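Computed from a prediction, not measured in an experiment: that's the story for all the values here.
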Amino acid sequence: MRSGYGRSIFEPLLPVILGRDISGEVAAVGSSVRSVSVGEEVFGALHPTAVRGTYADYAILSDDELSAKPVSFTHVEASAIPFAALTAWRALKSTARITQGHRVLVIGGGGAVGSAAVQISVASGCHVTTTCGSQSIDKLLAAGAEQAVDYTTEDIELVIKGKFDAVLDTIGAPDTERIGISLLKRGGHYMTLQGEAASFTDKYGLLFGLPIATSVLAKKQIQYRYSHGIEYWWTYMRADSEGLHEIRKLCEAGKLKIPVEKTFPISQVREAHNAKDKNLIPGKVVLELDSL
């Protein structure tokens, strides 16, 4: 977003506040709000198209974007969870409707969404295989994955056996799409985080970009439904109060956690972004307020 992704949506609204995840204390509520109260510790995430983000002392969210913070989590730990976990939740639970005994493949399990997807699938009683870099293998096996394949040294197509009920592709490259679809059972779901709606609207504008994106998605869905018998989806995070409540329960049960690699004071947003841009910090970064 900072470098212009999604500009077709955000450019007319500049300046915008970046940030989606949040954990903190409720300072005030609207007159119709009943699900949270002043003083309550909550966590949550804004919708991807929100203009007023969470890089701020105060943020405004609707009550369906929040849930009580996991009791055993600090605000720093809790703030790393919602957006990534809700993205994985929508794909696996809302779209693919995974359940006990299903086989799930997570392509790119080392990132925040991939890690959350592995843990959510394991907690649902699924048999989970994932691809990742060498530094993430032990972590993902410890999280319950039955197989973690190092994509940098192993041939995924030779190493991974059998067919899957659901594939979540966090990479979204042509090769990972091809491999993921080839490993699906008939009736299975392929879901990629790399949907092209924003890129098409950035390129052609909202008036033409959204219809083009819709057409491209529909074409792929029809193509794969007839050629492979599978369902094809672009998946995005969305506000889901029920999903966030279930995610909180998984956190409190010790079944879901996204480690925080480093924190920065909120006054050092520029330094935090520079560090991530240069790949100096491999994991999650959290901006912290002095009061927390």
Side-chain angles (χ1 to χ4, degrees), residues 5-6 8-9 20 45 47-49 82-109 111-124 126-131 156 160 162-203 206 209-244 246-247:
Y5 179 76
S8 55
I9 299 170
R20 292 293 173 263
H47 187 272
T49 59
F83 196 92
L86 282 168
T87 302
W89 184 273
R90 181 180 186 188
L92 296 169
K93 301 293 283 186
S94 301
T95 300
R97 300 190 180 279
I98 60 169
T99 189
Q100 186 169 353
H102 279 177
R103 296 192 74 219
V104 176
L105 172 62
V106 178
I107 300 175
V113 175
S115 175
V118 168
Q119 294 174 78
I120 289 169
S121 300
V122 169
S124 300
C126 298
H127 305 284
V128 182
T129 295
T130 185
T131 67
I156 296 172
I160 297 176
K163 296 286 188 175
F164 295 85
D165 298 283
V167 173
L168 176 58
D169 183 356
T170 73
I171 308 301
D175 267 357
T176 59
E177 180 171 310
R178 176 183 59 79
I179 292 168
I181 286 170
S182 71
L183 289 169
L184 271 172
K185 297 176 182 177
R186 294 190 71 83
H189 289 76
Y190 171 86
M191 298 152 293
T192 176
L193 302 186
Q194 307 304 321
E196 298 174 84
S199 60
F200 277 120
T201 54
D202 286 348
K203 186 174 182 179
L206 282 172
L210 279 179
I212 291 171
T214 302
S215 174
V216 168
L217 175 58
K219 182 180 178 181
K220 283 195 168 190
Q221 288 178 324
I222 293 168
Q223 172 192 334
Y224 286 125
R225 196 171 292 148
Y226 281 95
S227 63
H228 291 74
I230 61 100
E231 299 297 321
Y232 178 97
W233 302 95
W234 294 344
T235 190
Y236 305 95
M237 177 272 183
R238 69 177 177 190
D240 180 349
S241 56
E242 182 180 342
L244 189 58
E246 293 300 317
I247 287 165

Taking atom [atom1] of [X] as the centre, report whether more than 12 heavy atoms of other residues, nucleotides or ligands fall under 6.0 Å from it.
{"X": "Arg178", "atom1": "CZ", "answer": "yes"}
{"X": "Lys163", "atom1": "NZ", "answer": "yes"}
{"X": "Gln223", "atom1": "CD", "answer": "yes"}

Which atom pair, heavy atoms only, marks the closest approach of [X] to [Y]?
{"X": "Ala166", "Y": "Ala96", "answer": "CB-CB, 3.9 Å"}
{"X": "Arg20", "Y": "Pro48", "answer": "NH2-O, 2.9 Å"}
{"X": "Arg238", "Y": "His47", "answer": "CA-CD2, 4.4 Å"}
{"X": "Ile107", "Y": "Gly180", "answer": "CD1-CA, 4.0 Å"}
{"X": "Ser121", "Y": "Val128", "answer": "CB-CG2, 3.5 Å"}
{"X": "Gln194", "Y": "Ile171", "answer": "CG-O, 3.1 Å"}

message: I'd like to know if the side chain of Ser115 reaches the main chain of Ala112, judged simply by a donor and an acceptor atom lying under 3.5 Å from each other, with no hydrogens or angles considered.
response: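 No, because the side chain of Ser115 does not come within donor-acceptor range (under 3.5 Å) of the backbone of Ala112.
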Report task. Please tell me if the side chains of Ile156 and Thr176 come closer than 4.5 Å, counting only heavy atoms from C-beta onward. Result ->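 Sidechains of Thr176 and Ile156: no contact.
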message: Are the side chains of Leu244 and Leu86 in contact, using a 4.5 Å heavy-atom criterion?
response: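 Side-chain contact under 4.5 Å: yes.
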### Message
For His189 and Thr95: C-alpha separation, side-chain torsions, deciding distance, then whether side chain to side chain contact (heavy atoms under 4.5 Å, CB included) applies.
### Response
CA-CA 8 Å; His189 289 76; Thr95 300; 4.2 Å; yes
Worked check of side chain to side chain contact (heavy atoms under 4.5 Å, CB included) between Trp233 and Thr192:
CA-CA 6 Å; Trp233 302 95; Thr192 176; over 6 Å; no
Next item on the list: Can you sort out the partners of Arg225 under salt bridge (Lys or Arg N to Asp or Glu O under 4.0 Å), two or more places apart, ordered by chain and number?
Entry: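 Result, salt bridge (Lys or Arg N to Asp or Glu O under 4.0 Å) vs Arg225: Glu231.
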To the nearest 0.5 Å, how far apart are [atom1] in [X] and [atom2] in [Y]?
{"X": "Ile179", "Y": "Thr131", "atom1": "CD1", "atom2": "OG1", "answer": "8.5 Å"}
{"X": "His102", "Y": "Asp165", "atom1": "NE2", "atom2": "CG", "answer": "4.5 Å"}
{"X": "Thr99", "Y": "Leu92", "atom1": "OG1", "atom2": "CG", "answer": "12.0 Å"}

### Distance-only polar pair, side chains of Glu177 and Tyr232, donor-acceptor under 3.5 Å
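Note: Glu177 and Tyr232 side chains meet the donor-acceptor criterion.
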Using the side chain to side chain contact (heavy atoms under 4.5 Å, CB included) criterion, which residues pair with Thr87? Sequence neighbours excluded.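 Testing Thr87 for side chain to side chain contact (heavy atoms under 4.5 Å, CB included), a comparison that skips the adjacent residues, returns Phe83, Val113, Leu193, Met237.
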Show your reasoning for whether side chain to side chain contact (heavy atoms under 4.5 Å, CB included) applies to Trp234 and Val216. CA-CA 11 Å; Trp234 294 344; Val216 168; 4.1 Å; yes
Run Lys93 and Ile98 through side chain to side chain contact (heavy atoms under 4.5 Å, CB included) and show every step you take.
CA-CA 6 Å; Lys93 301 293 283 186; Ile98 60 169; 3.8 Å; yes
